[in-house]
Amino acid sequence: QLEFITPFQLYFNPDLIFRKFQIWRLITNFLFFGPLGFSFFFNMIFLYRYCRMLEEGSFRGRTADFVFMFLFGGFLMTLFGLFASLFFLGQAFTIMLVYVWSRRNPYIRMNFFGLLNFQAPFLPWVLMGFSLLLGNSIIIDLLGIAVGHIYYFLEDVFPNQPGGKKLLLTPGFLKMVFDTPEEDPNYNPLPEDRPENQPRDQDQNQQLHPQ
């Protein structure tokens, strides 16, 4: 935003990555969300909110698994980017986090800016429709949904099927670096993650707009 660097130095370009060895583009293309504006702040809010809820919810005490999800999702998106004209993948990454969270919290009821009520699993599709209304391409959203579904299926669905097994195994060096066996005595779970708020027959309303 201060124009010390330009988006042209950040975007995903396989030719510059592999021929000019500008390896940083593999990471920086996930970090640019466009100029300051509604779309930028919208992405920041969702990235922060659902990244935090995953980290403090289903990935509580499993930081290495959380990092591995980042690496797995980023790897699949990068592979797709090699065959499509996609320059920035940050929004797809955000949608992936939203998708994984929504599938792991299927009974939470949500409210979209006071206009639409729905169950959490529909959230990624609602966001895709909202992106379409803003005039953005939905290819990025579809990519995030697809990668999120692949991760969710391999991690949560397939291992529980007859004859299924866990295919996504977090490397040992990630566990050694990120996981700590000690429990934080000062940890205060988010309201939606507290046991008393988890019954299936109890609707939970969440506002998507910032409080």
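Bear in mind the structure is a predicted one, so any value in this text is a computation, not a measurement.
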Cluster membership besides L31, Ile/Leu/Val/Met/Phe/Trp/Tyr side chains within less than 4.5 angstrom, sorted by chain and number, is I27
- prompt: Taking it one step at a time, do F66 and F178 satisfy side chain to side chain contact (heavy atoms under 4.5 Å, CB included)?
  reply: CA-CA 10 Å; F66 191 50; F178 292 103; over 6 Å; no
Contacts satisfying salt bridge (Lys or Arg N to Asp or Glu O under 4.0 Å) that involve residues 91-108 (not counting sequence neighbours) are R104-D156
> Does the side chain of P171 come within less than 4.5 Å of F68's, by heavy atoms?
Replying inline: yes
Quick one: does any side-chain atom of R25 pair with a main-chain N or O of F12 as donor and acceptor, under 3.5 Å? no
Rounded to the nearest 0.5 Å, the CG atom of D141 sits from the OH atom of Y99 at a distance of 14.0 Å
Value for CE (M69) from CG (L168), rounded to nearest 0.5 Å, stands at 11.0 Å
Under the side chain to side chain contact (heavy atoms under 4.5 Å, CB included) rule, what do L16 and F8 come out as? Steps first, then yes or no, please.
CA-CA 11 Å; L16 294 177; F8 294 104; over 6 Å; no
Rounding to 0.5 Å, atoms CG (N13) and NZ (K20) come to a distance of 10.5 Å
What one should report as the nearest heavy-atom pair of I17 and I23 is O-CD1, 3.8 Å
Checking N43 against L47 for the side chain to side chain contact (heavy atoms under 4.5 Å, CB included) test, could you report, in this order, the C-alpha distance in whole Å, the side-chain angles of both residues, the deciding distance, and whether it holds? CA-CA 6 Å; N43 274 287; L47 180 64; 5.9 Å; no
Residue set satisfying ring pair (Phe, Tyr, Trp, His ring centres under 6.0 Å) with F88, at least two apart, ordered chain then number -> F32
Give the intermediate values and the outcome of side chain to side chain contact (heavy atoms under 4.5 Å, CB included) for residues F41 and L36. CA-CA 7 Å; F41 288 109; L36 286 176; 4.0 Å; yes
When rounded to the nearest 0.5 Å, the distance separating CG of N29 from CG of L10 is 9.0 Å
In this structure, CZ of F70 is separated from CG of L174 (nearest 0.5 Å) by 12.5 Å
